[in-house]
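Each remark here refers to the structure printed beneath this line.
All chains are named by letter (A, B, ...) in the order of the sequence lines, taking the proteins before the strands, and each is independently numbered beginning at 1. Since the model is a prediction, treat every value here as computed from it, not as a measurement.
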2 protein chains.
Amino acid sequence: MEETATSTECTAEAADDAELAFNVFSKACPSRRTLEDVTGRWGSLTLGGLYEGSLRFNELRRRVDGVSEKMLSQTLHSLERDGLVHREAQPTNPPRVDYELTPLGRDVAERLLSLIHFLEGRMPAVLQAQQSYDAERGAL
Amino acid sequence: MEETATSTECTAEAADDAELAFNVFSKACPSRRTLEDVTGRWGSLTLGGLYEGSLRFNELRRRVDGVSEKMLSQTLHSLERDGLVHREAQPTNPPRVDYELTPLGRDVAERLLSLIHFLEGRMPAVLQAQQSYDAERGAL
DNA sequence: CAGCATCCGTGATGATACTG
DNA sequence: CAGTATCATCACGGATGCTG
């Protein structure tokens with residue numbers, strides 16, 4: 001199987017250049033799955049929500065406005081599996097479970113929040129662009 | 001306007017604190033839609049793919065491995081509407097259309113790529129975490 | 001080449017009910 | 001409280017065919 005210039009390698013071997021080895025632009029690369037876990041609809045908000053400190057399940061649920069129980073649970077499992085979130089369950093009654101970012105998760109969340117905050121700050125410009133776009137389209 | 005710790009406002013008014021005004025954690029806030037455009041399955045890869053320079057439709061399609069014509073087209077429209085991508089069509093035959101990031105789009109892509117590259121570099125750790133997680137689960 | 005229109009499957013998502 | 005299980009839906013996304 002030949003590879004042309006734009007193709008992307010994706011192996012765990014080339015340890016000396018991990019960023020190329022796990023290129024997300026390659027369809028089969030596991031890094032793409034992880035990127036989707038992180039940037040997914042609820043993944044980004046969950047990581048962002050946990051950045052300030054550990055939260056219990058329902059605290060987090062209230063923080064991430066609109067997420068269902070099921071989706072939050074599912075998202076947390078994915079993120080825990082990826083090693084980004086740590087789950088601390090205390091066998092008390094009623095049960096108490098705390099979720100917190102791992103060091104790796106914090107690094108990810110930091111970059112995510114940089115994007116989020118930037119976007120929030122530029123929303124006026126985005127909204128204006130949307131209006132221009134819609135106006136031109138509607139006028140046709 | 002008083003704010004308690006967890007509540008989130010979402011108006012275009014409070015121009016002095018845009019980041020709070022467009023809080024993405026609020027369900028109804030337009031910033032969440034935009035965040036999804038940017039971090040969505042194809043949005044992030046499209047923005048990342050355009051970071052190095054402008055590309056034609058099919059060039060971009062080859063770069064973002066696995067994206068369908070329809071999804072790329074749709075993604076580009078969303079990003080163009082948000083003011084992140086500029087579409088330059090030349091009325092030649094055969095048609096030539098170039099897509100490039102706007103200044104705003106570049107800023108977004110920069111932050112996105114920071115996240116992507118970090119993730120790519122940490123994939124060994126992520127993969128290992130996944131194996132541990134799966135091993136514990138399978139053993140039960 | 002650069003798309004749009006259409007059909008259509010399936011997986012993501014949300015609502016509801018139930019458990020420890 | 002902290003979830004799991006089940007079901008219904010519906011939008012996402014792929015394949016195909018067509019246009020300029």
Could you tell me if A:Y99 and A:E88 have a donor-acceptor pair between their side chains, going purely by distance under 3.5 Å? no

Which whole-number value in Å describes the distance from B:L60 CG to C:dC1 P? 14 Å

Roughly, in whole Å, what's the span from CZ in B:R33 to C1' in D:dC12? 13 Å

State whether the side chain of B:Q74 and the backbone N or O of B:M71 hold a donor-acceptor pair below 3.5 Å, judged by distance alone. no

Under-4.0 Å salt bridge between B:R63 and B:E52: yes

Angle between the two end axes of the helix from C:dC1-D:dG20 to C:dG20-D:dC1, five base pairs per end, rounded to 10 degrees? 50°

Salt-bridge contact B:E120-A:R32 (side-chain N to carboxylate O under 4.0 Å): no

Between A:S132 and A:Q128, is there a donor-acceptor pair closer than 3.5 Å when you use the side chain of the first and the backbone of the second? yes

Rounded to whole Å, please give me the gap between CG in B:D65 and C1' in D:dG14. 15 Å

Check nucleotides 2-8 of chain C for protein N or O atoms closer than 3.5 Å to its own N or O atoms and list the pairs.
residue	atom	partner	partner atom	Å
C:dA2	OP1	B:R56	NE	2.7
C:dA2	OP1	B:R56	NH2	3.2
C:dA2	OP2	B:N58	N	3.1
C:dA2	OP2	B:N58	ND2	2.8
C:dG3	OP1	B:R87	NE	3.4
C:dG3	OP1	B:R87	NH2	2.4
C:dG3	OP1	B:Y99	OH	3.4
C:dG3	OP2	B:Y99	OH	2.6
C:dG3	N7	B:E69	OE1	3.1
C:dG3	N7	B:E69	OE2	3.2
C:dC4	OP1	B:H77	NE2	3.1
C:dC4	OP2	B:S73	OG	2.5
C:dC4	N4	B:E69	OE1	2.6

Side chains of A:L112 and B:L115, heavy atoms from C-beta outward: is any pair under 4.5 Å? yes

Salt-bridge present (B:R96, B:D98; N to O < 4.0 Å): yes

Specify the residue among B:S68 and A:P94 whose closest nucleotide of DNA chain D lies further upstream toward the 5′ end. A:P94

Is any side-chain heavy atom of B:D82 less than 4.5 Å from a side-chain heavy atom of A:Q130? yes

Please identify which of these residues, A:T75, A:T102, A:L47, meets the side chain to side chain contact (heavy atoms under 4.5 Å, CB included) condition with A:V85. A:L47

Nearest whole Å is fine: how far is D:dC1 C1' from A:L72 CG? 13 Å

Measure from CZ on A:R41 to P on D:dA11 and round the result to the nearest Å. 11 Å

When rounded to whole Å, the CG to P distance for the pair A:L55 and D:dG3 reads 13 Å

In this structure, how many angstroms lie between the P atom of D:dC12 and the CD atom of A:E36, rounded? 15 Å

Between atom CD in A:Q90 and atom P in D:dG3, what is the gap in whole Å? 12 Å

